[in-house]
Chemist: 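Quick one: structure below, then a few questions.
Order of the sequence lines fixes the chain letters, A, B, ..., with proteins taken first and strands second; residue numbering starts at 1 for each chain. Not measured: the values here are computed from a predicted model.
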Protein chains: 2
Amino acid sequence: MPTSHQQRSTSARYQVLLTALQLFTRKGYFNTSMRDITGQSAVSTGSVYHYFKDKEGIAAALFHGLIDRMRAELQQIMRSNETAHDQCRAVMTLLFRIADAEPEVMAFMLYVKHREFLPAERPICSSEPFEMMRAMVQRGMDRGEIERQDVMVASSCLFGGAIRIITSELDGILDRPLNEYLDAVWVCSWRAVAVR
Amino acid sequence: MPTSHQQRSTSARYQVLLTALQLFTRKGYFNTSMRDITGQSAVSTGSVYHYFKDKEGIAAALFHGLIDRMRAELQQIMRSNETAHDQCRAVMTLLFRIADAEPEVMAFMLYVKHREFLPAERPICSSEPFEMMRAMVQRGMDRGEIERQDVMVASSCLFGGAIRIITSELDGILDRPLNEYLDAVWVCSWRAVAVR
DNA sequence: GTCTATACGACGATAGAC
DNA sequence: GTCTATCGTCGTATAGAC
């Protein structure tokens, strides 16, 4: 149970993370100075360095928070859907929903080059959430829902279209709201991998 | 016809571009200092600034050279293939070939966040080569080869799988050589958009 | 055109009072 | 925990000789 100054603390920490997410995705990590972060978050230099070791530490906290959140959401999807078809469809819906409601989160996941400033991290497509998506596809093949073939090929073809159109949305080159594309992308993508 | 010192000049300029391409894709634009470039290319600071206005100018020259090259290759493909099917298949083959033979070129095209250091440029997916790919898809719909629907959806689903697996290759998470995936990716991707 | 030496600004990070 | 003031480093870009 947080005391009042712990609440204030977590709130300051949270403000920094929120500001950093915005600035890192809008201007890029290297174009964002600590002065930008302290200024926009209204948290002083000293406090920022109290909560985070350094600038990279802010990015790392953001990155791991994001991975954890995605893992939790994917686990929920795996639990509450029986078929691989329904699981994968739910994943694509989730991706579109996050891109729509929290574009910075999606940009940080898909669009930001983490390894340039988090050299210790593995590429995001070998992170646990992406592995869980591949596991869903593998299960679809074992259950006879998805044509049996290399799991990287099937995963790339099943989710590649969605990722591309979400990237287009983040680049601002889509005419209509993103969610209007979901059904059509799903139909095409599933047709690419489903058993004939 | 180049004189001897023009050859030396273009060679120095070329060395800088070659070095910059390697360093920008390996370490990232912001992690590459002008000292890195002068050191590895063995071209002095003064000469680099003789050929390029500033560091951003090097990146811009690289970027525009790449766009021009891709436009030329895509035009060649459009001329020498009759059906949209054959054109799109040739494009995918080209992408795999470049990723295999010149991974830095593909990384600079797909993987580098140009807008972080070239703020004036439009996102690469609204650049002319990407527009040409969408034009091929549109033509496939007009010819009755591709199911008629939103061109962004069809393009994303047709090329999204290839782009994803190429990105995976650049991240080093593929088991087998990239070219072994081409046929399977093409079959899935075409099935996603072809008329039934 | 090519080179070396250097100016100058910006940035990340720290010190130390409260 | 929070704040302000400041330090040292590093990176880009320029000056000016050859």
Chemist: Within residues 52-59 of chain A, find the residues that approach DNA chain C with a heavy atom at under 4.0 Å, and present them sorted by residue number.
Modeler: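 Hits under 4.0 Å, by residue number: A:Asp54, A:Lys55.
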Chemist: Taking atom C1' of C:dT2 as reference, at what distance in whole Å does atom CD of B:Gln15 sit?
Modeler: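 Distance check: B:Gln15 CD to C:dT2 C1' gives 16 Å.
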Chemist: Nearest whole angstrom, please: distance from the C1' of C:dA13 to the OH of A:Tyr51.
Modeler: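 Rounded to whole Å, this separation is 18 Å.
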Chemist: Are B:Val151 and B:Ile163 linked, directly or through other ILVMFWY residues, by side chains that come within less than 4.5 angstrom of each other?
Modeler: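 Same hydrophobic cluster.
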Chemist: Tell me the closest heavy-atom pair linking B:Ser126 and B:Arg134, and the distance in Å.
Modeler: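 B:Ser126 and B:Arg134 have their closest heavy atoms at CA-NH2, 4.0 Å.
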Chemist: Would you mind telling me which of A:Arg69, A:Gln75, A:Gln76, A:Arg71 makes a side chain to side chain donor-acceptor pair (under 3.5 Å) with A:Glu73?
Modeler: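 Option passing the side chain to side chain donor-acceptor pair (under 3.5 Å) with A:Glu73: A:Arg69.
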Chemist: Any side-chain N or O of B:His50 below 4.0 angstrom from OP1/OP2 of C:dG1?
Modeler: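 Result: yes.
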Chemist: Under the criterion side chain to side chain contact (heavy atoms under 4.5 Å, CB included), which of B:Ile58, B:Leu21, B:Leu62, B:Thr38 is the partner of B:Val16?
Modeler: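 Exactly one option meets the side chain to side chain contact (heavy atoms under 4.5 Å, CB included) with B:Val16, and it is B:Ile58.
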Chemist: Within 45 degrees of the ring normal and closer than 6.0 Å to the centroid, is that where the cationic atom of A:Lys55 sits relative to A:Tyr29?
Modeler: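 Verdict for A:Tyr29: a cation-pi partner in A:Lys55.
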Chemist: Taking salt bridge (charged side-chain N to carboxylate O under 4.0 Å, His left out) as the test, write out the residues that go with A:Asp171, two or more places apart.
Modeler: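 A:Asp171 satisfies salt bridge (charged side-chain N to carboxylate O under 4.0 Å, His left out) with no residue once adjacent residues are dropped.
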Chemist: Hydrogens and angles aside, do B:Gln40 and B:Asp36 bring a side-chain donor and acceptor to less than 3.5 Å of each other?
Modeler: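 Absent: no donor and acceptor within the cut-off.
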Chemist: Measure OH/B:Tyr49 against C1'/C:dA7 and give the value in whole Å, please.
Modeler: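 In whole Å, C:dA7 C1' lies 13 Å from B:Tyr49 OH.
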Chemist: Hey, does the side chain of A:Ser47 come within less than 4.0 Å of D:dC3's phosphate (OP1/OP2), counting only N and O?
Modeler: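 Affirmative; the distance criterion is met.
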Chemist: Which ones in residues 21-40 of chain A lie close to DNA chain D, meaning a heavy atom under 4.0 Å from one of its atoms?
Modeler: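 Correct list: empty, so none.
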Chemist: Is the A:Phe108 to A:His114 ring centre distance short of 6.0 Å?
Modeler: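 Yes, ring centres under 6.0 Å apart.
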